[in-house]
2 protein chains.
Amino acid sequence: MARRSDHSRDEIKEMALVAGEKIIEEEGYKALTARRVSSAIGYTVGSLYLVFSNLDDLRLQINTRTLDQLLSGLDEVMKRCNTPHDCIKALAREYLRFAQRNELRWLMVFEHKLPAGIETPAWYLNHIEKLFECIDQQFYSLGSVKAQTGSVRAARALWSGVHGICILASTGKLNVVSGETVESVVDTLVDNFLKGWAV
Amino acid sequence: MARRSDHSRDEIKEMALVAGEKIIEEEGYKALTARRVSSAIGYTVGSLYLVFSNLDDLRLQINTRTLDQLLSGLDEVMKRCNTPHDCIKALAREYLRFAQRNELRWLMVFEHKLPAGIETPAWYLNHIEKLFECIDQQFYSLGSVKAQTGSVRAARALWSGVHGICILASTGKLNVVSGETVESVVDTLVDNFLKGWAV
DNA sequence: ACCTGAACACCGTTCAAGT
DNA sequence: ACCTGAACACCGTTCAAGT
């Protein structure tokens, strides 16, 4: 045993991330254990710690990949829309669509908390910040009179709201009235907020 | 050893719930372990399983108590407000205030997920449902023309939105612009939404 | 240099055995 | 009847020892 060199460090890392993502999508956050991941890629537990500093590091890297996918989906949408109003609506729908299509992986991005005392790395928060900036931009384009002072705050408020609907829907707590779709709830929030904002 | 009878079943249960709540508030969700709780109340691990069916049962019961506190806070607010508009705004602020004052316990209510395959008990979902109903009621009182068809959907949309702001703020992901308060973000969401709804 | 596998200190949960 | 404490099958993480 030892000294196999079947795979490079980077290959092992990639394999572990992919295996981890699969485990999460199939069995959820809690099923992601060091032993499960390592055995899925044909290595022993110890090897994982050659490539990740600990399990939280692995989780954070998976979350970063999820965020990147989400962001590139939003970027695609932004290219294909016209007025800021339509754009915000389309972005909100894409956000929901992604959350629904990658439910367990998306949930992990927001559920994950580092142990008390250890701060979330700044680069990770910056990554999440980019989600908000997509919307900030659209509100800026709306070019309202109050653009200067309140548009960032408005963007945060609306986007957090969309996020809240997605979270409650994903965790089965939205209790939408029968016949209604989650999408219609998102539309309701966006439409009314933007109508109010335009006044 | 054995046969102490220092406390009744109900007393042990109550002690465990209180000890559990303290652990959560001080060290968060993950610090709540069977061994920690049992040693905090001066019993061995096994005893806990005489009183709770498992750890998830203990968690669910703690969450139920948290929800009850939150609901009674909202009820208090409802008594003291006048127009539906003011009432919705005051309820949203109270929701945020509770989330901020009981952060880790409040977070557990929404982060907790039972293992895959096991559904959240209906009585628990009904309890969460009551949160929404507070707002449904106010929207009904707004008595808009569209009251019949869309007011429940609107209530869900706005309340999920308020929830989203609270969640992102509690998990340090809201990134409010410096100088702004989370409360001002909540106000922005509520004010603009209601303004749009009134049009 | 790379990887193993055993070790350590933890988990949740169960249950025979003691009073 | 009530409670214990040891057991079992798991964790995350480390690290001496092998090739």
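Order of the sequence lines sets the chain letters (A, B, ...), proteins ahead of strands, with each chain counted from 1. Remember, it's a predicted structure, so these values are computed and weren't measured experimentally.
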Novice: Return the nearest nucleotide to the side chain of A/Val45; candidates are D/dT13, D/dC3, C/dC3.
Specialist: D/dT13

Novice: Which whole-number value in Å describes the distance from B/Arg36 CZ to C/dC10 P?
Specialist: 12 Å

Novice: Run the salt-bridge test on B/Asp68 and B/Arg65 with the 4.0 Å N-O cut-off and return the result as yes or no.
Specialist: no

Novice: Indicate if A/Leu96 and A/Leu71 have the same hydrophobic cluster label, given that clusters are the connected sets of ILVMFWY residues with side-chain heavy-atom separations under 4.5 angstrom.
Specialist: yes

Novice: Among C/dT13, D/dC11, D/dC3, which nucleotide has an atom closest to any side-chain atom of A/Arg35?
Specialist: D/dC11

Novice: Across the strands shown, which category fits B/Ser47 at heavy-atom distances under 4.0 angstrom: base, sugar-phosphate, nothing?
Specialist: base

Novice: Without decimals, in angstroms, what is the distance between B/Leu48 CG and D/dC2 P?
Specialist: 16 Å

Novice: Using heavy-atom distances to pick each residue's nearest nucleotide on DNA chain D, tell me which of A/Ala34 and B/Ile12 is more 5'.
Specialist: B/Ile12

Novice: Find the distance A/Glu27:CD to D/dC11:P and express it as a whole number of Å.
Specialist: 11 Å

Novice: Would you write the dot-bracket representation of DNA chain C, where each base gets (, ), [, ], | or . depending on whether it forms a Watson-Crick or G-U pair under 3.5 Å and with which partner?
Specialist: ||.|||||...|||||.||

Novice: Respond yes when some side-chain nitrogen or oxygen of B/Tyr49 is under 4.0 Å from OP1 or OP2 of C/dT13, and no when none is.
Specialist: yes

Novice: Atom CG of A/Asn54 to atom C1' of D/dC11: distance rounded to whole Å?
Specialist: 14 Å

Novice: Which nucleotide, C/dC2, D/dC11, D/dT13, lies nearest any side-chain atom of A/Leu50?
Specialist: C/dC2

